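Notes for the one structure printed next.
Remember, it's a predicted structure, so these values are computed and weren't measured experimentally.
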Amino acid sequence: MSYESEYRRSIERPEEFWGEQAQLIHWHKPPQKILDYTNPPFRKWFVGGETNACYNAVDRHVDARGDQLALVAVSTETGVTREVTYRELYREVNTFAAVLASLGVAKGERVVIYMPNIAEAVFAVLACARLGAIHSVVFGGFAAHNLALRIDDAQPKLLIMADAGMRGGKAIAYKPLVDAALAEAKSPPPHVLIVSRGIDRDLQRLAGRDLDYAELRKTYADAEVPVAWLESNEPSYILYTSGTTGKPKGVQRDVGGHLVALALSMRAIFDVGPGQTMFSTSDVGWAVGHSYNIYAPLIAGATSLLYEGLPVSPDAGIWWQLCEKYRVRTMFSSPTAIRVLKKHDAAFLRKYDLSELKYLFLAGEPLDEPTAKWISAGLGKPVIDNYWQTETGWPALCLHPGFDLKPIKFGSPGLANFGYRYRVINETTGLDCAPNEKGVLVAVPPLPPGCMTTIWRDDARFLQSYFSHFKELLYSSLDWAIRDEDGYTYILGRTDDVINVAGHRLGTREIEESVSSFASVAEAAVIGVKDELKGQVPIVFATLKAAVADAANKRDAASGMQQRVVEMLGGVAKPARVYIVNALPKTRSGKLLRRSLQALAEDRDPGDLSTLDDPGSLEEVRNALKRGPDVGG
């Protein structure tokens with residue numbers, strides 16, 4: 001079997017293809033119908049089948065591999081490492097589920113989880129799944145107002161929180177944020193369950209509302225909680241993503257399709273099986289964290305390595321040290337994290353025994369070619385880009401090392417994953433673009449298993465947000481892309497990250513990649529700003545590699561970036577101004593806040609900064625704008 005034949009089968013004979021993949025998970029009751037597509041674009045997979053995510057991730061492995069590590073939770077912030085076997089995971093999850101049940105959590109109830117990357121976050125997620133409750137994990141430390149918006153949309157029965165998170169040695173107390181959010185929320189839950197690590201010594205509990213998990217854990221230490229069997233299309237979780245209206249969108253995932261997609265991905269894409277180890281560096285509050293920190297490795301009977309801390313603390317070799325210690329087979333991270341490591345000595349990449357490491361997967365944002373080449377050469381391992389969204393829940397464009405690895409093309413996340421019927425179309429005509437012609441990436445429904453089913457309690461918004469952009473019924477990714485003659489897709493950036501320079505449409509990603517290829521650049525962000533003559537012009541904010549960050553003549557570096565863009569993209573793309581800064585504003589998940597950059601450059605309010613990782617980075621940009629560009633004007 002080849003990728004081509006299996007992909008074609010997944011498109012032309014989806015019931016046959018996905019009926020086979022359904023056998024990868026345990027069904028309490030087998031599906032009666034593989035696909036119901038009678039109400040486009042809504043679809044139902046594995047109709048009538050009953051299953052449970054917790055059973056597939058935990059229970060079914062206990063007899064065969066009870067003493068194998070299921071979870072390793074490492075915190076370089078607290079210095080604590082916790083190793084949990086499948087048998088221990090079963091016990092912890094049953095105890096947590098019993099505590100939740102005692103607080104009124106049952107099938108269909110929502111539970112908001114506000115925690116960092118700690119073992120209890122995994123226990124909480126799986127306990128919800130065991131009960132058939134719908135979890136909604138919110139990134140730990142998220143601003144109170146944004147937490148309140150999510151609480152009001154989900155209307156949870158319970159909020160589970162840690163006392164604090166830590167980043168770079170600094171404690172972030174969660175209780176003041178939770179208290180403020182619940183004071184603002186119109187639908188606050190009756191109880192807050194607190195998992196304390198003793199970080200916030202000033203934590204005050206509100207009598208009658210706030211409960212200590214450690215005390216309740218003792219009460220239910222030996223509890224056995226029966227699994228709630230769910231019909232395949234019942235919701236498993238809600239994960240909020242930013243919306244253009246200011247109201248967050250609750251991406252709703254099903255149960256059966258989600259499990260089948262993840263099970264297939266571990267075999268065909270990530271090439272991880274029972275007894276092997278996967279290390280995903282994501283936060284549990286993001287889509288990757290749900291899929292590949294928690295569910296997928298456990299569904300596969302593998303070991304999941306969970307990490308709390310920075311990639312450069314105690315030094316830039318910490319991730320590779322963990323790969324050696326736990327014999328990691330597949331690692332999954334982000335381009336931003338690798339760019340951080342790129343500022344440090346490449347010798348760290350060769351310090352540890354990485355003979356067990358087979359692949360490094362990167363996703364979350366476009367992977368620029370210089371970064372891909374740097375990490376690939378440094379590790380001597382295949383670096384595999386892949387593209388997906390919170391909405392897709394698993395890779396949508398990728399290569400398949402576990403099945404049929406096609407050639408890697410730097411700059412491209414690869415080919416369409418099974419079940420995804422992607423096209424690149426002209427935004428105006430809706431016609432398919434020619435090879436290497438820029439267009440909008442769209443998918444022909446029905447979307448495959450694993451993708452979102454709707455927006456929580458808002459089918460109309462689901463249709464408006466994703467299926468209303470063209471005359472034809474198509475799912476719009478809202479990303480610009482090109483596809484080459486071999487079918488490889490290249491993502492150029494969001495459709496709202498396009499710069500229109502005197503009628504020439506330029507993706508920010510194209511210019512950023514050109515700037516990043518200049519030798520002294522560590523990272524770059526490109527935005528479009530208003531220009532009276534050309535409509536918009538590109539400007540660059542860039543950080544330099546540590547070795548040259550303090551060089552006196554920044555003008556030469558800035559001029560070199562301008563010239564590199566002209567060489568690669570032509571004079572029309574030449575940045576009007578280049579600002580060299582020490583840090584770029586990013587979210588805690590590592591995404592550049594380009595809209596905030598653009599607002600500051602145009603002297604506007606930068607907007608919602610609740611996800612900003614380092615407040616100093618924004619001040620750095622403000623100061624750069626005040627002093628003027630290093631080149632241009």
How far does [atom1] of [X] sit from [atom2] of [Y], to the nearest 0.5 angstrom?
X	Y	atom1	atom2	value
M331	L354	CE	CG	9.5 Å
C398	Y387	SG	OH	12.5 Å
I527	L593	CD1	CG	11.5 Å

Are the side chain of [X] and the backbone N or O of [Y] linked by a donor-acceptor pair below 3.5 Å?
X	Y	result
E77	G168	yes
S313	D315	no
K351	G317	no
N386	L362	yes
D613	K586	no
K438	C433	no
R564	S517	yes
E510	L492	no
E308	I118	no
T303	L69	yes

What is the minimum heavy-atom distance between [X] and [Y], and which atoms define it?
X	Y	result
W319	S333	CZ3-OG, 3.4 Å
T489	R483	OG1-NE, 3.5 Å
A522	K343	CB-CE, 3.6 Å

message = Going by salt bridge (charged side-chain N to carboxylate O under 4.0 Å, His left out), name the residues that satisfy it together with R327, two or more places apart in sequence or in a different chain.
response = E356
request  = With sequence neighbours excluded, tell me which residues meet ring pair (Phe, Tyr, Trp, His ring centres under 6.0 Å) with Y292.
outcome  = F270, F332, W388
Results of side chain to side chain contact (heavy atoms under 4.5 Å, CB included) for [X] - residues two or more places apart only:
X	value
A316	V312, L341, H344, F348
L322	V74, F279, L305, Y307, I318, Y326
E620	V581, N582

Are any of the side-chain nitrogens in [X] or [Y] under 4.0 Å away from the carboxylate oxygens of its partner?
X	Y	result
R423	D432	yes
R509	E512	no
D486	K409	yes

inquiry  = Is a donor from one side chain sitting under 3.5 angstrom from an acceptor on the other, for N293 and S280?
reply    = yes
Results of side chain to side chain donor-acceptor pair (under 3.5 Å) for Y3 - residues two or more places apart only = none
inquiry  = Which label fits Y579 and F541: parallel for a plane angle under 30°, tilted from 30 to 60°, or perpendicular past 60°?
reply    = parallel
request  = Pick out which of K358, R329, H400 makes a side chain to side chain donor-acceptor pair (under 3.5 Å) with D271.
outcome  = R329
ask   = In this structure, are over 12 heavy atoms from other groups packed under 6.0 Å from K574 atom NZ?
value = no
